[in-house]
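Shown next, in structure tokens, is the structure this report addresses.
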Amino acid sequence: MITEYLKVDKTGFNSEELVPAAKALINGELVAFPTETVYGLGAVFNDDPALKRIFQVKGRPGDNPLILHIWERKQLEELVVAVSPKHEKLMAAFWPGPLTLIFPKKPELSPVISAGLPTVAVRMPSHPVAQELLRLTGLAVAAPSANLSGKPSPTRGSHVRVDLDGKIPFIIDGGPCDAGIESTVVCFDHGQPVILRPGAVTAEMMEAVLGESVEQVGLNAKIDRPQAPGMKYRHYAPKAPVTLVEGSQGEVAAKINQLLQETGSGVKQVVICFSDNIKAYENCIVLDLGPRNQPEIAAERLYDLLRDCDQLAAEQIYIEGIENSGIGAAVQNRVYKAAGGKVVHA
Ligand code: TXA
Ligand code: MG
């Protein structure tokens, strides 16, 4: 299949440019498109063969449900059976934006979307290209991240191309994604808000709106709460093994240098570190996550740097830990997953 690669300037495009992609979606084709979090691989919500093709193309396990994307509030009516006052508050505060909410689903909604769960995940993206594409399509669009399953999510059109060129008819390149990590996923457990996947909308931000504490499902915690099924898989991983090294700025540098030395110069080693430590490492390739006190920059860069590791044919990767609060919690969560849980404390 020949993939049409369409470049769109998100700050000034003509709606006409997106019409062929919207038509492709309506005709049951898959279209990759930019959002403010990561790129999505879309199919219209009412076309089961198209929805199933998402799973085939990505190599995605069938028990991992999809997020529906809408561009206006009234589309919710045909997707969900109930909207609680807490849902209302969060939607009013954070939609459009990087927050996915779990709702009880309409029974007629395809089980392919929700992987057999009684619930459905919905979000309203704020990216202008995503919004216009959804408006032209006129239907809710199911879209997981537009990467091959297990790879880092795409935050540039070029990332989508590496993974999906020749496999789908359309890639819309709208430039780099602002947030750089996937949306926050929130469900309600007996009315209690629970973060299933941390993202750019943080627990603190939602607590300020809801006036109650918002729990985050722990990385290793044994929980009897509903989880985002997708979070159980090893994710976001480059080809080489990743080690997450936690501790203070100085301790981390000392520990990583020790590990670099132990492995030796015969192995191609990459360190992903904060700018503060950029000069602390020798005999390795150093990639820059931005200043330690600006975790939003780390979020924007992380997946791009993980993909660079593949381009560089890295054989061993060390990543400095980030403070586990605010959007740092989301970054830490993704690094932990990329490392397959391999953490060293300096
Ligand atoms: O930012 C994002 O959310 C991106 C862009 C494209 O919108 N999409 C995305 O989709 O990250 P995906 O498929 O890569 O991740 C969806 C996550 C998975 O962890 C999945 O298990 C969870 O949402 N999820 C979907 N439906 C759910 C449900 N009904 N209950 C619990 N978790 C659900
Ligand atoms: Mg994904």
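We count ligands from 1, going down the list as the structure has it; atoms in each ligand are counted the same way.
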Salt bridge flag under 4.0 Å for residues Arg307 and Asp163: yes

Measuring from non-hydrogen atoms of Ala143 to any atom of ligand 1, is the shortest distance under 4.0 Å? yes

Asp47/Arg53 ion pair, N-O < 4.0 Å: no

Which option, Ser153, Pro34, Pro65, Cys177, owns the non-hydrogen atom nearest atom 33 (C) of ligand 1? Pro65

Any sub-3.5 Å donor-acceptor pair from Thr155's side-chain atoms to Tyr303's backbone N or O? no

Residue part near ligand 1, for His69, under 4.0 Å between non-hydrogen atoms: side chain

Would one find an N or O of Tyr39, backbone or side chain, under 3.5 Å from an N or O of ligand 1? no

Thinking salt bridges, do Glu182 and Arg123 make one under a 4.0 Å N-O criterion? no

Number the atoms of ligand 1 from 1 as they appear, then name those within less than 4.0 Å of a heavy atom of Gly40, with their elements. 6 (C)

For ligand 1, which part of Arg60 has a heavy atom less than 4.0 Å away: the side chain, the backbone, both, or neither? side chain

Are Glu207 and Lys86 within salt-bridge range, i.e. N to O under 4.0 Å? no

Plane angle bin for Phe33 and His69 - parallel if under 30°, tilted between 30 and 60°, otherwise perpendicular: perpendicular

Shell of protein N/O/S atoms around the Mg ion (ligand 2), taken as anything under 2.8 Å: Ser145 OG

N-O pairing of Lys239 and Glu315 below 4.0 Å: no

Return the option from Leu68, Thr37, Ile67 holding the heavy atom at the smallest distance from atom 16 (C) of ligand 1. Ile67

Check for a donor-acceptor pair, side chain of Gln75 on one end and backbone N or O of Ile70 on the other, with a separation under 3.5 Å. no

May I ask you to say whether Glu132 pairs ionically with Arg135, meaning some side-chain N is under 4.0 Å from a carboxylate O? yes

Heavy-atom gap Arg123 to ligand 1 smaller than 4.0 Å: yes

